[in-house]
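For reference, the structure I am asking about is given below.
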Amino acid sequence: MNRDFIGALLQLNAEKNIPREQLVATLADAIQSAYRRTAPGNENVYVDVDPDSGRFNAYRAMVVVDDIEDETMEFTVDDATKYKKDAKVGDLIKIADLDASSFGRIHAQMATQLVRQRLREVEREQVFGQYAQRESEIITGTVSRVEPRGVILDVGRAEAILPTTDQSVTEHYRIGQHVKAYVLEVRRTTKGPLIYVSRTHKNFLRRLFELEVPEIHAGTVEIKAIAREAGSRSKVAVSSRQEGLDPVGATVGQRGGRVQAVVAELGGEKIDIIPWHEDPAVFVANALSPATVVNVTIDEENRIANVTVPERMLSLAIGREGQNARLAAKLTGWRIDIRSDQAAPRSDASAPDEGAAADVVAEAVETAATDEQPVAEAAAAVAPQAEQLTEEPAAAGAKPKRTRTKKPDVAETEPVAAEVTAEAVAETADGAKPKRTRKKAEPATETTEPAKAKATRKKAAAAVEAES
């Protein structure tokens, strides 16, 4: 072996970024293995390589032990003193040198294969160590191909896999596109390191803010919590460690420049920056932004936050398909129940109106029964009073449920009478709303015609006869 071969190995070292000492050790190990495999009885052969001259020295050596288990590799202290006077247990004692001419063509071929194999192993280990240190960080790669299992990214000395489950539904990738991704895991395989990356992980959003916001990278502004639905919306809670520094303003940046850079990287995903607070009630109210919160009641035992919002803010607090409330619950770690401030007064105010209307109807029915007034006329007289009672607003300003009593149509040709059953009358006596039934009456005949109308018609007939 000469210096040209060593120069070639050093050039390989520069290309593969393998340390020179490790490369020389790999070469010595390969030559030693070639000696031991080509001939029996060479188990005690060792090789040293001079990195300056490129020469190697092959020799036989044995290990000094107290009790011999393998006579070809070990000997006692007494035997070792013949070769080295101060030998002690554990020393490797050289007993003979091997001639360099004994390293023939077969040894060289085997050593070459072993060197290549060892170099590949060393390169895989080095690449694995390089990317294993970058777990939980962002790497940039180029899309090399798109497969059913995911997108394959070229990240330099290895390839990364972006699975379909870790891709945003709103993003599409093309060959040659530069993509940033969050390193989830680096696995060791026989073909080299396997890198799994993600663009939907919440820590991907955290690392992007660290890149864009110097205060977050320096630690003066801290990201306390993140709730994310990739491709749609995210909420980020921030706090300041420096007095007088606005964490929300520092994160958003001048005219929203910092947060807009993150939004552009995420393909237009909406991001809400929330000020963190140690008081759970205040934090929950901030998390429901942009909705305005009237009151928050905290149940520490069940970890439930009961939130009251204005009526006009109810839909905004809940969000589309409950997204705003869902993200707020993930961000705060509390179960959030949202109610309108007008929900309770409305239910209370509607009850007295309905009871008053029921009382008026019951009173009218009793009057009709005692005065022998037709039921249809009694219902027509009661209708305006009942309608007025049901339309009066509640004292608290809520809009009560309105009920209308339809006026029956009274006509001589086709009269329709509204009959109130005995059961409805009994229910009104208990204060409940009467049950009304409509029944079509039979056509009016002489037997069913009211007595008053019959007397009036007789008087009119008598007057006509007198004139004639």
- Item | Closest non-hydrogen atom pair, T165 against T200 |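 So the minimum-distance heavy-atom pair works out to O-OG1, 4.0 Å.
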- Message: Any heavy-atom pair between the side chains of F283 and L331 that's under 4.5 Å?
- Response: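 A side-chain contact under 4.5 Å exists here.
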- Message: For the CD atom of E74 and the CG atom of D66, what is their distance to the nearest 0.5 Å?
- Response: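 The CD atom of E74 sits 10.5 Å away from the CG atom of D66.
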- Message: Can you confirm whether I161 sits close enough to I152 that some side-chain heavy atom of one is under 4.5 Å from a side-chain heavy atom of the other?
- Response: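 I161 reaches I152 side chain to side chain.
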- Message: One pair to check against side chain to side chain contact (heavy atoms under 4.5 Å, CB included): F209 and I271. What are the steps and the verdict?
- Response: CA-CA 11 Å; F209 273 111; I271 301 177; 4.1 Å; yes
- Query: Do R134 side-chain atoms and I138 backbone N/O form a donor-acceptor pair below 3.5 Å?
  - Reply: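 Here the side-chain-to-backbone pair exists.
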- Message: On a heavy-atom basis, which atom in P310 and which in T292 lie closest, and how many Å separate them?
- Response: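 P310 and T292 have their closest heavy atoms at CD-O, 3.2 Å.
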- Can any side-chain N or O of K235 pair as donor or acceptor with the backbone N or O of A287 at less than 3.5 Å?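 Answer holds: yes.
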- Does R199 use its side chain to pair, donor to acceptor, with the backbone of F204 at less than 3.5 Å?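 Such a contact is absent between R199 side chain and F204 backbone.
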- Does A250 offer a backbone N or O that forms a donor-acceptor pair with the side chain of R258 under 3.5 Å?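 Side chain of R258 to backbone of A250, a donor-acceptor pair under 3.5 Å: yes, one is there.
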- Do the non-hydrogen side-chain atoms of S136 and R207 ever get within less than 4.5 Å of each other?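 Yes, their side chains come closer than 4.5 Å.
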- Task: Decide salt bridge (Lys or Arg N to Asp or Glu O under 4.0 Å) for D337 and R335; before the verdict, give the C-alpha distance in whole Å, the side-chain angles of both, and the deciding distance to 0.1 Å.
- Result: CA-CA 7 Å; D337 292 340; R335 175 184 172 184; 3.8 Å; yes
- Query: Rounded to the nearest 0.5 Å, what separation is found between the CG atom of N306 and the CZ atom of R339?
  - Reply: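 It is 6.5 Å, given to the nearest 0.5 Å.
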- Message: Can you confirm whether Q126 sits close enough to Q22 that some side-chain heavy atom of one is under 4.5 Å from a side-chain heavy atom of the other?
- Response: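 No, too far: nothing below the 4.5 Å cut-off.
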- Message: Within the structure provided, determine whether F75 and V64 are in side-chain contact (heavy-atom separation under 4.5 Å).
- Response: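 A side-chain contact under 4.5 Å exists here.
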- Counting distance only, does the side-chain N/O of Y131 pair as donor-acceptor with the main-chain N or O of V155 below 3.5 Å?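 Yes; at least one donor-acceptor contact below 3.5 Å.
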- Query: Do you see a donor-acceptor pair shorter than 3.5 Å between the side chains of T220 and E215?
  - Reply: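 No pair is found: no donor N or O on one side chain lies under 3.5 Å from an acceptor on the other.
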- Item | Exercise: identify the closest heavy-atom pair between L288 and A328 |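 Smallest interatomic distance, heavy atoms only, reads CD2-CB, 3.7 Å.
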- Give a yes-or-no answer on whether the side chains of D48 and Y59 include a donor-acceptor pair shorter than 3.5 Å.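 There is such a pair between these side chains.
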- Hey, does the side chain of E212 reach the backbone of V259 with a donor-acceptor pair shorter than 3.5 angstrom?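 It does not hold such a pair.
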- Task: Give me the one residue out of R120, Q130, R188 that meets side chain to side chain donor-acceptor pair (under 3.5 Å) with E125.
- Result: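 Considering R120, Q130, R188, a side chain to side chain donor-acceptor pair (under 3.5 Å) with E125 is found only for R188.
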- Query: Got a salt bridge between K270 and D272, using NZ or NE/NH1/NH2 to carboxylate O under 4.0 Å?
  - Reply: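 So K270 does not pair with D272 through a salt bridge.
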- Query: Between the main-chain N or O of R174 and the side-chain N or O of Q177, is there a donor-acceptor pair closer than 3.5 Å?
  - Reply: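 At least one qualifying donor-acceptor pair exists.
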- Message: Tell me if the CD atom of E147 is crowded by more than 12 foreign heavy atoms within 6.0 Å.
- Response: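 More than 12 within 6.0 Å, yes.
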- Message: In the structure I gave you, are the side-chain heavy atoms of I93 and M62 within less than 4.5 Å of one another anywhere?
- Response: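 No, side chains not in contact.
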- Item | Nearest non-hydrogen partners of V238 and I273, listed with the distance |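 Looking at all heavy atoms of both residues, the shortest contact is CG2-CG2, 3.9 Å.
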- Can a salt bridge be assigned to the pair E159 and R145 using a cut-off of 4.0 Å between side-chain N and carboxylate O?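 Between R145 and E159 there is a salt bridge, with a charged N closer than 4.0 Å to a carboxylate O.
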- Item | Full working for side chain to side chain contact (heavy atoms under 4.5 Å, CB included) between L211 and H217 | CA-CA 7 Å; L211 292 177; H217 181 73; over 6 Å; no
- Begin from the C-alpha positions of L316 and N324 and carry the test side chain to side chain contact (heavy atoms under 4.5 Å, CB included) through to its verdict. CA-CA 8 Å; L316 185 62; N324 192 59; over 6 Å; no
Residues 295-302 side chain polar contacts: donor-acceptor under 3.5 Å, at least two apart:
{"unit_1": "D299", "atom_1": "OD1", "unit_2": "E301", "atom_2": "N", "d": "3.4"}
{"unit_1": "D299", "atom_1": "OD2", "unit_2": "N302", "atom_2": "ND2", "d": "3.0"}

- Within-4.5 Å side-chain heavy-atom neighbours: R255 and Q260: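 They are not in side-chain contact.
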- Task: Would you check if the side chain of K330 reaches a backbone N or O of E229 as a donor-acceptor pair within less than 3.5 Å?
- Result: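 No.
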- Query: Which atom names give the shortest non-hydrogen contact between Q242 and S240, and what distance separates them?
  - Reply: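 Between these two residues, the closest heavy atoms are O-OG, 2.8 Å.
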- Euclidean distance, H201 NE2 relative to N203 CG, rounded to 0.5 Å: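 These two atoms lie 5.0 Å from each other.
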- Message: For the CD1 atom of I274 and the OG atom of S234, what is their distance to the nearest 0.5 Å?
- Response: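 Nearest 0.5 Å value for the CD1-OG distance: 11.5 Å.
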- Test side chain to side chain contact (heavy atoms under 4.5 Å, CB included) applied to Y196 and D166, step by step: CA-CA 10 Å; Y196 286 93; D166 291 306; over 6 Å; no
- Query: Donor-acceptor pair, R206 side chain versus I223 backbone, under 3.5 Å?
  - Reply: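 Checking the backbone N and O of I223 against the side chain of R206, a donor-acceptor pair under 3.5 Å is found.
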- Interatomic spacing from CG in L184 to CD1 in I195 - rounded to 0.5 Å: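 If I round to the nearest 0.5 Å, the distance is 11.5 Å.
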- Any donor-acceptor pair under 3.5 Å from D91 side chain to K88 backbone: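 Checked: pair present.
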- With sequence neighbours excluded, tell me which residues meet salt bridge (charged side-chain N to carboxylate O under 4.0 Å, His left out) with R241.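 If we apply the salt bridge (charged side-chain N to carboxylate O under 4.0 Å, His left out) test to R241, skipping adjacent residues, the hits are E222.
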- Query: What's the spacing between K224 NZ and T332 OG1 if we round to 0.5 Å?
  - Reply: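 Here the interatomic distance stands at 15.0 Å.
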- Compare every heavy atom of A329 with every heavy atom of I336, then report the nearest pair and how far apart it is.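 Smallest heavy-atom distance, with atoms named: CD1-N, 3.8 Å.
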- Query: Under the salt bridge (charged side-chain N to carboxylate O under 4.0 Å, His left out) test, which residues partner R228, sequence neighbours left out?
  - Reply: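 Only E269 meet the salt bridge (charged side-chain N to carboxylate O under 4.0 Å, His left out) criterion with R228.
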- Query: Just wondering, do V151 and V179 contact through their side chains at under 4.5 Å, heavy atoms?
  - Reply: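 No, side chains not in contact.
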